[in-house]
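Computed from a prediction, not measured in an experiment: that's the story for all the values here.
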Amino acid sequence: MALLYNSEPMAEVISLGSVDLSFLYDYEQPVKVQQFYTNEYILDDVISFELKENKPVSILFQANDNNARFYMYGLESLSNENLEIDENGDVFLQPSAIPIVLYAKDYYPLIPGSYLAKVITGEFTYYLPFTVRPKQVTDDQLKLMKEELEDVVKGLAIDFVKKVYSPADNDFKALPPHLLRQFMTIKKHYPSVMAALTDIYKKANYRIKKDYRWTRENRASQVDHVTVRTAQTKSFYEDQLLTPFSSIDYDLPENRWVKFIIRNVLTLLNQFVDSLDNYNERVINELKELQRFQFQESTRRELVEKERVTILLEDYRQLVHRMKIGFQMIVHASWYQEITNKTFTHIPHNLLSDSRYRALFQLHRDLNDDELEVTIDPAFTYQWKRTDKLYEMWGFLQILKLLRDFGFQPISGWVFDQAVQEDKILLIPYLPSGEQIVLSKGDLLIHYVYDGVLPLASSGTNLERAPLYMGKHNRPDGRMDFYKNEVYVGSLIIDFKYRPINNFWKNGKYNSMSRLGEMEQLIAYKRDSNSKYLYGEEKGRHIRELLSPRPVREVWALYAEARDEWQSHLHLIDDSIRIIPMNPGQEYSAILEHLQAVIEFMDGMLDRIL
């Protein structure tokens, strides 16, 4: 069942002479927008303009109407005197002869996808569907990357945002993560269900049934064959008869269904609140971490994005609270406690024929329909994470898949912890910074860590969680710590670069004081690494001089580059650095070969001297 627009007239395209909207690029001709649409019901393959992520661009918005407004995704994270906030809390751009920067280096990036902008001038509103395209991967590769991420855990790559408008194409009806979809389903049915529950609260279905009670003989006004039969036996109740009377019975199949559905809905809403709390706590921790670097422009903009997320989460919390109060109302009905929890054997006729009960059953059915598509309220929606984070998570999980292909089995950490139960699914199955997945194969263990911060001194190390310490470059995207027979034998460091190789590595500067910061980072991972646990030194073994003196065996930079002719494989022997292209849909033979070599080296490390 899909909730889609199907009866609205399609938009008419016009040219708007009273408005000048252009996008300005460095060293390129401005792109003037010429196609405006009269309403938002636009064909999926139609766009008014196109942008590319991570490409510097400014907006020039001029209009004959000085009160005209331009709304667009991306404006909400900017700070400019020509930006205003309307009565609904949405950010818009006023006309000006001076362009405003939409994206520059170190700004919070635009996220690839389809969006809907609008211009309001006078009494009229015009719509502009537009697309943000990825830079380092193709559209198909980005789609594959998202699919592969979602195959691991639904919702992993989803972030909450509050946007001016929902995307213009299929994202508008996209299927959210499991629990979020169920919440949106409850929200959609809430008005009709509450009207039904209010009526059921007062006038629930019942039946008149014959029941029996013990009554003094002189007060028995009705008797039947049961009365006569029990009177002929020696009764415990002397001078009393078992007489019939009429009683109201609410314990009907349709009322049992009401109780069952309400309990399920309240359980889902409680799980949703737990997920909100979990996600909100992580966002708050991220905000605290970002506050240390708020003087940086890129960090300031990310702080704005994260703060907006916390506001949205609070909106959700208040909405859930109101919904819980509504659903709990029926629990206090005078007849509710009479309803038993008998097992259902069929769907009763009244559950479908009575419109009140049918409203609840439709909610139940939609909650269990995995194919249901729910249109997301424009005020409460979500979008994909920024592409560099997507690539980082995708790369981390691709390497995890390769480890499993080599026969390593996850035994703890993240979604592999036995404590994670199916009925405790998170709203955002988050891959938190510092998450450690432990994998095992024979007597070799790998602690695979995502975005973990390493201590700066040996006093902060720990054999199980952080056996390494480093200098200022101490937060690699991925890290594998290897243990043979419970002895730490070294690490592999991996960084995932969503950028061209020339943006982070230049061979001509390798032996130069003018090396790029990213080059210094990769080199430092190896040169600055140290550990007091290497080869069991904490147990009195002193064999470091016989083997590699540094705990980091190799440093890898895996980078995105869609163009085959621009891809390069580099191996810097002196610093044990490998630079390898890695794109969705491409084969990983080089990565497999080098990963196997590292695993075999670590596996045989202690055997060389013990």
Asks: Residues two or more places apart in sequence or in another chain: which of them pass side-chain contact (heavy atoms from CB on, under 4.5 Å) with E87?
Replies: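 Listed in chain order: R69.
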Asks: Please determine whether the number of non-hydrogen atoms from other residues, nucleotides or ligands lying under 6.0 Å from atom NZ of K143 exceeds 12.
Replies: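 For K143, atom NZ is not crowded (no more than 12 foreign heavy atoms under 6.0 Å).
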Asks: Has E392 got a side-chain atom pairing as donor or acceptor with L390's backbone, closer than 3.5 angstrom?
Replies: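 No, because the side chain of E392 does not come within donor-acceptor range (under 3.5 Å) of the backbone of L390.
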Asks: Scan side-chain atoms only and decide if N39 and Y126 contain a donor-acceptor pair under the 3.5 Å cut-off.
Replies: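 Looking only at side-chain atoms, Y126 and N39 do not form any donor-acceptor pair under 3.5 Å.
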Asks: Only counting residues at least two apart or in another chain, list the ones meeting side chain to side chain donor-acceptor pair (under 3.5 Å) with N264.
Replies: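 For N264, no residue satisfies side chain to side chain donor-acceptor pair (under 3.5 Å) once neighbours in sequence are set aside.
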Asks: Got a sec, which residues hit ring pair (Phe, Tyr, Trp, His ring centres under 6.0 Å) with Y206, two or more places apart in sequence or on another chain?
Replies: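 Y206: ring pair (Phe, Tyr, Trp, His ring centres under 6.0 Å) contacts with Y250.
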Asks: Verify whether the ring centers belonging to Y201 and H332 lie closer than 6.0 Å.
Replies: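 Not close enough - the centres of the two rings lie 6.0 Å or further apart.
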Asks: With E338, which residues qualify under side chain to side chain donor-acceptor pair (under 3.5 Å), at least two apart?
Replies: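 E338 satisfies side chain to side chain donor-acceptor pair (under 3.5 Å) with no other residue.
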Asks: Within the 4.5 Å heavy-atom criterion, are P410 and V438 side-chain neighbours or not?
Replies: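 Counting from C-beta outward, P410 and V438 never come under 4.5 Å.
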Asks: Can you measure from CG (L252) to OH (Y357) and round to the nearest 0.5 angstrom?
Replies: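 Going from the CG atom of L252 to the OH atom of Y357 covers 7.0 Å.
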Asks: Going by atom types alone, do Q398 and E148 pair a side-chain donor with an acceptor below 3.5 Å?
Replies: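 Looking only at side-chain atoms, E148 and Q398 do form a donor-acceptor pair, the distance falling under 3.5 Å.
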Asks: With sequence neighbours excluded, tell me which residues meet ring pair (Phe, Tyr, Trp, His ring centres under 6.0 Å) with Y448.
Replies: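 By the ring pair (Phe, Tyr, Trp, His ring centres under 6.0 Å) rule, Y448 matches F396.
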Asks: List in chain and number order the residues that pass side-chain contact (heavy atoms from CB on, under 4.5 Å) with M194, two or more places apart in sequence or in another chain; answer none if no residue qualifies.
Replies: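 Applying side-chain contact (heavy atoms from CB on, under 4.5 Å) to M194 gives Y190, L197, M329.
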Asks: Holding to ring pair (Phe, Tyr, Trp, His ring centres under 6.0 Å), I want the full list of residues that pass it with Y336, two or more places apart in sequence or in another chain.
Replies: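 By the ring pair (Phe, Tyr, Trp, His ring centres under 6.0 Å) rule, Y336 matches no residue at all.
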Asks: Could you tell me if the side chain of T131 sits less than 4.5 Å from the side chain of Y115, heavy atoms only?
Replies: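 No, every pair of side-chain atoms sits at 4.5 Å or beyond.
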Asks: Is it the case that the side chains of Q436 and Y450 hold a donor-acceptor pair, with the cut-off being a distance below 3.5 Å and no angle test?
Replies: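 Not at all, the side chains of Y450 and Q436 share no donor-acceptor pair under 3.5 Å.
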Asks: State the CE-CG distance between M72 and L93, to the nearest 0.5 angstrom.
Replies: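 Nearest 0.5 Å value for the CE-CG distance: 10.0 Å.
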Asks: With rounding to the nearest 0.5 Å, note down the distance linking CG in D388 to CE in M393.
Replies: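 Between atom CG of D388 and atom CE of M393 there are 10.0 Å.
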Asks: CH2 of W394 to CD1 of I399: how many Å apart, nearest 0.5 Å?
Replies: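 The CH2 atom of W394 sits 8.5 Å away from the CD1 atom of I399.
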Asks: Does any part of the side chain of Q328, heavy atoms only, come nearer than 4.5 Å to the side chain of L266, both counted from C-beta?
Replies: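 Result yes, sub-4.5 Å side-chain heavy-atom pair found.
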Asks: Measure across A196 and A359 and return the closest heavy-atom pair with its distance rounded to 0.1 Å.
Replies: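 Scanning both residues completely, I find the closest heavy atoms to be CB-CB, 4.1 Å.
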Asks: Report yes or no: does K259 contribute a side-chain atom to a donor-acceptor pair with the main-chain N or O of I339 at less than 3.5 Å?
Replies: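 Yes; judged by distance alone, with no hydrogens or angles, the pair exists.
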Asks: Please name all residues satisfying side-chain contact (heavy atoms from CB on, under 4.5 Å) with Q94, sequence neighbours left out, ordered by chain then number.
Replies: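 Result, side-chain contact (heavy atoms from CB on, under 4.5 Å) vs Q94: E84, F92.
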Asks: Given 3.5 Å as the limit, does a donor-acceptor pair link the side chain of N368 with the main chain of H364, or not?
Replies: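 Indeed, once roles are kept as given, a pair shorter than 3.5 Å links the two residues.
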Asks: Report yes if some heavy atom in the side chain of F124 is under 4.5 Å from a heavy atom in the side chain of L16; otherwise report no.
Replies: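 They are not in side-chain contact.
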Asks: With sequence neighbours excluded, tell me which residues meet ring pair (Phe, Tyr, Trp, His ring centres under 6.0 Å) with F408.
Replies: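 F408 satisfies ring pair (Phe, Tyr, Trp, His ring centres under 6.0 Å) with no other residue.
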Asks: How about D354 and E254: do any of their side-chain heavy atoms sit closer than 4.5 Å?
Replies: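 Of all side-chain heavy-atom pairs linking E254 with D354, none is under 4.5 Å.
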Asks: Should Q337 and V331 count as side-chain neighbours, where that means a heavy-atom distance under 4.5 Å?
Replies: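 Answer yes - side chains close enough.
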Asks: Return yes if a side-chain donor-acceptor contact under 3.5 Å exists between Q362 and D366, otherwise no.
Replies: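 The answer is yes; a qualifying pair exists.
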Asks: Within the structure provided, determine whether L51 and R133 are in side-chain contact (heavy-atom separation under 4.5 Å).
Replies: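 A side-chain contact is absent here, since even the closest heavy-atom pair is not under 4.5 Å.
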Asks: Output all residues satisfying salt bridge (Lys or Arg N to Asp or Glu O under 4.0 Å) with R322, sequence neighbours left out; order by chain, then residue number.
Replies: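 Here no residue qualifies.
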Asks: So, using side-chain contact (heavy atoms from CB on, under 4.5 Å) as the criterion, who are the partners of L352 when residues are at least two apart?
Replies: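 Result, side-chain contact (heavy atoms from CB on, under 4.5 Å) vs L352: I347, F361.
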Asks: With rounding to the nearest 0.5 angstrom, report the CG to CZ distance, D477 to F496.
Replies: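 It comes to 6.5 Å.
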Asks: Report the residue from F49, Y73, Y37, F36 that forms a ring-ring contact (aromatic ring centres under 6.0 Å, His included) with F130.
Replies: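 In the set F49, Y73, Y37, F36, the residue that makes a ring-ring contact (aromatic ring centres under 6.0 Å, His included) with F130 is F49.
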Asks: How long is the span from the CG atom in L403 to the CG atom in L439, to the nearest 0.5 Å?
Replies: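 Rounded to the nearest 0.5 Å, the CG-CG separation comes to 6.0 Å.
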Asks: Please name the residue in the list N270, L367, L360 that meets the side-chain contact (heavy atoms from CB on, under 4.5 Å) test with V265.
Replies: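 Checked N270, L367, L360 against V265; only one passes side-chain contact (heavy atoms from CB on, under 4.5 Å): L367.
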Asks: Looking at every heavy atom in both Y103 and P109, which two are closest together, and how far apart are they?
Replies: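 Scanning both residues, the minimum pair turns out to be CE1-CA, 3.9 Å.
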Asks: Indicate yes or no: at least one non-hydrogen side-chain atom of S440 is less than 4.5 angstrom from one of Q409.
Replies: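 S440 vs Q409: side chains apart.
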Asks: Who passes side chain to side chain donor-acceptor pair (under 3.5 Å) against T121, sequence neighbours left out?
Replies: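 For T121 the side chain to side chain donor-acceptor pair (under 3.5 Å) partners, ignoring immediate neighbours, are D65.
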Asks: Under 3.5 Å, is there a donor on one side chain and an acceptor on the other for D251 and T340?
Replies: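 Result is yes, a qualifying pair exists.
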Asks: Does Q141 offer a backbone N or O that forms a donor-acceptor pair with the side chain of T138 under 3.5 Å?
Replies: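 Pair found, side chain donor or acceptor close to backbone of Q141.
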Asks: Below 4.0 angstrom, N of the basic side chain to O of the carboxylate: do K401 and D405 qualify?
Replies: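 Between D405 and K401 there is no salt bridge, as every charged N stays at least 4.0 Å from the carboxylate O atoms.
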Asks: Provide the closest heavy-atom pair for I47 versus Q35 in the form atom of the first, atom of the second, distance.
Replies: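 Heavy atoms only, the tightest pair is O-OE1, 3.4 Å.
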